[in-house]
Each structure stands twice: as C-alpha cells, then as structure tokens.
Amino acid sequence: KPLPLPWVQLENDLPAEFVLIEPAGRRNETPIRRTAALLWYRSITWKLKLAGERRGYYPLSPVKLTSGDFLGLYSRSRLDGNTTHLIVYPHIFPVDTRMIPSLHPMGEFQAARRLFRDPTHTIGVREYLQSDSLKFIHWKATARGWGLKVKLTAATTAYQVAIFLDVASFQTDGVLAEEEFELGISAAGSIAASLSGRGGPVGLYVNSRMVDTGLPAEIPPGAGRGRLTHLLEALAKVTASPGDALLDFVERQQKHLAAGTTLVFIAGRPAESLPLLLAGLSASGFKTLLITVGENEAPRLADPVRGWHIRRPEELGFPAESRP
C-alpha cells in the first residue's frame, strides 16, 4: 500500500518435533520471530529450512502479525492465515522384495523359476518341437527362415499387495513398544515404496485411529502417480490408539480384495489367533506373509504361510530369518 510500515514482526510457534536448520545459528529459536521495515509498495519473504525429527502429522498455527508506529507506543496484532499441517513420512529402507510371495504367474517381474510362460514377454525364438503348442509359433521368424520357430517367453510374476499393520500387537498391558512400533510403520512404508516404484498395485490397511479423522486407514490396492504419497501420508497419520481387533478388521476388508492378492501382515506380538487366520486366508486363495518386528519370538506358521522376522531396519533388505 502507499504508506510504509516502520516495523513489522512475524511470530510463529513450531511443533516441538521440528528443528530449525537454516538460518544457521538460530537452531533452538522458539517461537520463530522475524522483524523488518517496509517501504511503500514493498514486500519481504523469509525462507526457513526445517527438519522433522519424528514421523507424524503436526498442526502449524497461523502466523501472528504485529505492527505499529515509529516509537512502538501503539501496536496492533492479528493472526494471518489458517491452521495448516506439516507431514513427516516414516523412514524408508531398502527391501528384499523376493521375500514377498506372489500368486499370479503372469506379470512384469521376472521369476527365479521358469514354471509359467507369459506370452506377452518374448525373449527370443527357437526351433519347433512336437510338444510345443501352435499358439506359441513365431510366424514372422518362421517366414524368414527354414522350419517352424516358436517364441521363447519369460516367466514372470505380478504383485498386487495389500499391507496390514496391526497396531494393537505393539502394546502389552497398554504399554507401547515405541521403537518396534515405528520400525513396523517403516517396514510398511518401505515395502509400499519398493513395490510402488515398480508400478505394482499396493494397498494399505491399518487398524488405528488416524490422527486427523479417528478412523482406520483403508486404502485398496492401486497404482499410478501419487499412490506412494497417499500411502506414506496415511502412515504419517497412524497413532498408537488401536481400533478394531485385527480379526474383525481383516474379515471386513477381505470381501473387497481380489482373489490372489498378496497379503502382508506386520505385527509386534501377534495374537494367538493370527496363524490360524493366515492359514484360512491362504486356503481362500490369498498369498500371505507375516512380518514380525522386535525381540519377541516369531510364531510357528503352517505352510504355505511365510514368515519374516526383523529386529533392525537393515534386515528388511537382508533378512536374517525367513520361512520358505
């Protein structure tokens, strides 16, 4: 506006979990204050670099704006803007995706064993044998040379994964194993990031009361741009407050999942009924994997349910224990 401001001060409170990185030398500044004088038709911008030290969903209060006369005798203040939120994603670690079972023999990821052939992935040609099906004949290659030629097709496997995180399993008598809980959340985020990076459909289900809605996370498997961001934002909002029991939660979600979906369960101290639940899901046509987190002993699982026990983040990439 045409009148200058002899002084203006902006003040804002940061959540305790955030640290001011830049400008240097003001790391522990709380609240953040900035003061300047403005000539007519001028503006000023302050840039801050923050570091979020803990996963979470944090409210950021409106900025308090104060100005007045030259002597500071008469000043006025107002709150500018609305309450916004800062989101800190969980830590992401490398994952050995070979530990995640898949049911479908057709897809975009090459399998270690050539049990099935995918006609959409041709890797070469060879001479025709009497045991070959006519539908695999490579007619163009046959026309260019002598004798029938057949396609060499790759054996592949497609992932459609639904990740289930059991919040209640990280508590004993109401006491939360916080380090194991955060590792479980990071495991879910790391698996989602690894599979989403390959373009595979990934879903997320958490029986927690989310910090913003109080409802559980229910994201069906899907792929596409923005999918990973959606999953990591949901994990950032997960709280230690459990909702439905895992058995009821899974039964409600199961009818919405396509047969053949790979179900990855992440738990701290699994309920005694969980191995029986996994066996029932396997019998219903799902592939199942149980990832147990922490120092507790992993439960015994019946074939074909797989188990993977991790105590440290590094074991997501190089598992120390696995059950074939």
Side-chain angles (χ1 to χ4, degrees), residues 15 17-18 52-60 83-95 97 100 159-171 176-258 261-268 286 288-291 293 310 313 316:
E17 292 79 4
F18 281 81
E53 298 189 330
R54 288 175 57 88
R55 174 200 64 85
Y57 181 74
Y58 302 99
L60 186 63
T83 299
T84 57
H85 293 84
L86 299 174
I87 298 177
V88 181
Y89 294 160
H91 289 287
I92 302 300
F93 304 99
V95 174
T97 55
I100 302 175
Y159 286 103
Q160 176 165 295
V161 177
I163 303 170
F164 284 84
L165 178 64
D166 184 14
V167 171
S169 67
F170 293 92
Q171 299 184 15
L176 175 69
E178 187 171 354
E179 185 174 347
E180 296 175 1
F181 179 55
E182 293 299 327
L183 178 54
I185 293 176
S186 289
S190 299
I191 293 172
S194 180
L195 296 179
S196 294
R198 299 185 175 207
V202 185
L204 176 68
Y205 300 89
V206 187
N207 59 341
S208 166
R209 302 183 189 278
M210 308 292 279
V211 67
D212 58 336
T213 64
L215 301 174
E218 300 176 352
I219 305 174
R225 183 177 299 178
R227 163 60 50 156
L228 180 57
T229 299
H230 188 30
L231 296 174
L232 293 181
E233 285 185 357
L235 288 172
K237 299 174 185 178
V238 168
T239 70
S241 177
D244 296 336
L246 182 64
L247 180 61
D248 298 333
F249 186 61
V250 173
E251 287 182 349
R252 190 170 72 247
Q253 305 302 332
Q254 180 181 351
K255 57 187 177 182
H256 302 297
L257 295 171
T261 302
T262 298
L263 307 182
V264 178
F265 289 84
I266 301 175
F286 296 99
T288 53
L289 170 67
L290 173 61
I291 299 178
V293 180
I310 60 172
L316 282 167

Enquirer: Check the pair Leu289, Thr262 against side chain to side chain contact (heavy atoms under 4.5 Å, CB included), reporting the backbone distance first and the verdict last.
Expert: CA-CA 8 Å; Leu289 170 67; Thr262 298; 5.6 Å; no

Enquirer: To the nearest 0.5 Å, what is the distance between CD on Glu180 and CD1 on Ile266?
Expert: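 Glu180 atom CD to Ile266 atom CD1 measures 13.5 Å (nearest 0.5 Å).
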
Enquirer: Is there a donor-acceptor contact under 3.5 Å from the side chain of Ser186 to the main chain of His91?
Expert: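 Yes, the answer is positive, given that a donor and an acceptor are paired below the 3.5 Å cut-off.
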
Enquirer: Going from CZ on Arg252 to CG on Leu247, what distance comes out if it is rounded to the nearest 0.5 angstrom?
Expert: 11.5 Å

Enquirer: For the residue pair Ala193 and Ile92, what are the closest heavy atoms and their distance?
Expert: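 Shortest heavy-atom contact: CB-CG2, 4.0 Å.
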
Enquirer: Would you compute the distance between atom CG of Leu246 and atom CD of Glu251 and round it to the nearest 0.5 angstrom?
Expert: 10.0 Å

Enquirer: Kindly check if the number of other-residue, nucleotide or ligand heavy atoms within 6.0 Å of NE2 (His256) is above 12?
Expert: yes

Enquirer: Are more than 12 heavy atoms from other residues, nucleotides or ligands located less than 6.0 Å from atom CD of Glu17?
Expert: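 Enclosed: over 12 neighbouring heavy atoms sit under 6.0 Å from CD of Glu17.
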
Enquirer: Looking only at heavy atoms, what is the nearest atom pair of Arg209 and Pro242, with distance?
Expert: NE-O, 3.4 Å

Enquirer: Hey, mind stepping through Ser196 and Leu231 against side chain to side chain contact (heavy atoms under 4.5 Å, CB included) and telling me if it holds?
Expert: CA-CA 10 Å; Ser196 294; Leu231 296 174; 4.1 Å; yes

Enquirer: Quick check: closest heavy atoms across Met210 and Leu215, and the distance to 0.1 Å?
Expert: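 Closest pair (atom of Met210, atom of Leu215, distance): CG-O, 2.6 Å.
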
Enquirer: Return yes if some donor-acceptor pair links the side-chain N/O of Gln171 with the main-chain N/O of Ala240 below 3.5 Å, else return no.
Expert: yes

Enquirer: For the OG atom of Ser208 and the CG atom of Asp166, what is their distance to the nearest 0.5 Å?
Expert: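 Nearest 0.5 Å value for the OG-CG distance: 10.5 Å.
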
Enquirer: Hey, what do you get for CD (Gln160) to CZ (Phe286), rounding to the nearest 0.5 Å?
Expert: 10.0 Å

Enquirer: Quick one: closest heavy-atom pair of Pro59 and Pro15, and the distance?
Expert: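 In terms of heavy atoms, the two residues are closest at O-CG, 3.6 Å.
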
Enquirer: How about Arg54: does its CZ atom have over 12 heavy atoms from other parts shown lying under 6.0 Å from it?
Expert: no

Enquirer: Looking at Asn207 and Asp244, would you say the former's side chain and the latter's main chain have a donor-acceptor pair under 3.5 Å?
Expert: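 Judged by distance alone, yes, a pair lies under 3.5 Å.
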
Enquirer: Name the orientation class of the two ring planes belonging to Tyr58 and Phe18 (parallel below 30°, tilted from 30 to 60°, perpendicular beyond 60°).
Expert: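 Rings of Tyr58 and Phe18: perpendicular, as their planes differ by over 60°.
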
Enquirer: Are Phe170 and Leu165 side-chain neighbours, meaning at least one heavy-atom pair lies under 4.5 Å?
Expert: yes

Enquirer: Backbone N or O of Val211 within a donor-acceptor pair of the Thr239 side chain at under 3.5 Å?
Expert: no

Enquirer: Which of these passes side chain to side chain contact (heavy atoms under 4.5 Å, CB included) with Tyr205: Leu257, Leu263, Ile219, Ile163?
Expert: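 Checked Leu257, Leu263, Ile219, Ile163 against Tyr205; only one passes side chain to side chain contact (heavy atoms under 4.5 Å, CB included): Leu257.
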
Enquirer: Classify the angle between the aromatic ring planes of Tyr57 and His85 as parallel (below 30°), tilted (30 to 60°) or perpendicular (above 60°).
Expert: parallel

Enquirer: Is the backbone N or O of Ala236 less than 3.5 Å from a side-chain atom of Arg55, with the two atoms forming a donor-acceptor pair by type?
Expert: yes

Enquirer: Shortest non-hydrogen contact from Leu290 to Ala267?
Expert: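 Smallest interatomic distance, heavy atoms only, reads CD1-CB, 4.5 Å.
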
Enquirer: How many angstroms lie between CD1 in Ile291 and CG in Leu183, if you round to the nearest 0.5 Å?
Expert: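 It comes to 10.0 Å.
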
